[in-house]
Colleague: 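So that we are looking at the same thing, I have put the structure below in structure tokens.
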Amino acid sequence: MADIGQFMAMAIEEAKKSLPEDIPVGCIIVRDGQVIAKGHNTREISDCATGHAEINAIENACRALGDWRLDGCSLYVTLEPCPMCAGAIRGSRLDAVYFGAPDVNEGACGSVWNLLPESVKVYSFILKEECTAILQEFFQALRRNE
């Protein structure tokens, strides 16, 4: 069975699928030690405001399980979820959220707001340096190309 660091490393690999079009955020959902769904940012590719990694992973997990209830599942994401994603996490009844980099502008799991109920356990700064680095590299390249 993979450990927390290995699951976050998988989320980082998923984030790379967003490149070069989208902000590299990756997400995986785990149940009983097995990855059941993945998602990465697709807002630019799909021209859809809800194309966040978490939303895509939650939708994929619901399809995989055949249920909108994701009880017993944990979400691993490279960037702290925003308010929209926190709402989806609440609504899908996920048990836990593990995130890497904090979002000091829109973070809804403790950095700016805490929109999750106490029933959802939050674990922050998992592989923070690696998660932050991929975001910094993306934005540095974006600035160079402006």
Side-chain angles (χ1 to χ4, degrees), residues 1-65 68 70 72-117 120-146:
M1 181 186 309
D3 68 8
I4 294 167
Q6 291 170 317
F7 286 134
M8 189 59 74
M10 291 178 199
I12 292 169
E13 287 305 308
E14 187 67 20
K16 293 175 183 176
K17 294 178 182 178
S18 299
L19 296 170
E21 294 87 2
D22 258 299
I23 297 171
V25 178
C27 181
I28 65 166
I29 296 180
V30 175
R31 185 180 211 181
D32 298 325
Q34 300 296 316
V35 176
I36 62 163
K38 298 178 182 182
H40 57 276
N41 272 2
T42 58
R43 286 190 311 173
E44 296 295 331
I45 296 166
S46 65
D47 289 324
C48 183
T50 60
H52 287 209
E54 300 94 315
I55 301 294
N56 292 331
I58 289 170
E59 289 175 351
N60 291 336
C62 291
R63 278 192 289 277
L65 296 178
W68 63 267
L70 300 180
C73 296
S74 297
L75 181 143
Y76 292 76
V77 63
T78 57
L79 179 65
E80 181 180 5
C82 72
M84 176 182 68
C85 294
I89 290 164
R90 288 177 68 117
S92 62
R93 300 183 181 168
L94 283 155
D95 289 354
V97 172
Y98 297 81
F99 72 85
D103 185 339
V104 297
N105 296 313
E106 295 290 326
C109 296
S111 291
V112 179
W113 305 284
N114 185 8
L115 300 181
L116 297 177
V120 178
K121 303 298 180 221
V122 176
Y123 304 92
S124 52
F125 312 131
I126 312 300
L127 299 184
K128 177 185 174 187
E129 291 76 22
E130 294 89 334
C131 293
T132 301
I134 191 170
L135 291 164
Q136 288 175 335
E137 291 166 13
F138 172 79
F139 286 111
Q140 287 169 352
L142 194 62
R143 281 190 223 87
R144 282 193 300 270
N145 293 330
E146 288 180 344

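Starting from 1, each residue takes its place in the sequence as its number.
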Colleague: Are the side chain of Glu59 and the backbone N or O of Asn56 linked by a donor-acceptor pair below 3.5 Å?
Modeller: no
Colleague: Using modelled atom types and a 3.5 Å cut-off, is there a donor and acceptor pairing between side-chain atoms of Glu80 and backbone atoms of Gly110?
Modeller: yes
Colleague: Nearest 0.5 Å please: distance from the CD1 atom of Ile12 over to the CD atom of Glu14.
Modeller: 12.0 Å
Colleague: Give the ring-plane orientation class for Phe125 versus Phe99, where under 30° counts as parallel, over 60° as perpendicular and anything between as tilted.
Modeller: perpendicular
Colleague: Would you say Leu116 and Cys109 make side-chain contact, with heavy atoms under 4.5 Å?
Modeller: yes
Colleague: Is the side chain of Asp3 donor-acceptor paired with the backbone N or O of Gly5 at a distance under 3.5 Å, no angle test?
Modeller: yes
Colleague: Looking at CG of Leu135 and CD of Glu130, how far apart are the two atoms once the value is rounded to the nearest 0.5 Å?
Modeller: 12.0 Å
Colleague: Taking atom CG of Leu79 and atom NE2 of His52, what is their separation to the nearest 0.5 Å?
Modeller: 9.5 Å
Colleague: Any side-chain heavy atom of Tyr98 within less than 4.5 Å of one from Ile4?
Modeller: yes
Colleague: Can any side-chain N or O of Thr78 pair as donor or acceptor with the backbone N or O of Gly26 at less than 3.5 Å?
Modeller: yes
Colleague: Do Cys48 and Thr42 have side chains that get closer than 4.5 Å, going by heavy atoms?
Modeller: no
Colleague: Where the side chain of Ser18 meets the backbone of His40, is there a donor-acceptor pair that is under 3.5 Å apart?
Modeller: no
Colleague: Taking atom OG of Ser92 and atom CD1 of Ile29, what is their separation to the nearest 0.5 Å?
Modeller: 6.5 Å
Colleague: So do the side chains of Ile89 and Leu115 get within less than 4.5 Å of each other, counting heavy atoms only?
Modeller: no
Colleague: Measure the spacing between CE of Met84 and CD1 of Ile55 and express it to the nearest 0.5 Å.
Modeller: 4.5 Å
Colleague: If you define the side chain from C-beta out and look only at heavy atoms, does anything of Leu65 sit under 4.5 Å from Arg31?
Modeller: yes
Colleague: Quick one: pull up CZ in Arg143 and CZ in Phe138 and give me the separation to the nearest 0.5 Å.
Modeller: 10.5 Å
Colleague: Does Glu21 reach the main-chain N or O of Ile45 with its side chain, forming a donor-acceptor pair under 3.5 Å?
Modeller: no
Colleague: Heavy atoms, side chains only, cut-off 4.5 Å: are Lys16 and Pro24 in contact?
Modeller: no
Colleague: Are the side chain of Asn41 and the backbone of Ile23 linked by a donor-acceptor contact shorter than 3.5 Å?
Modeller: yes
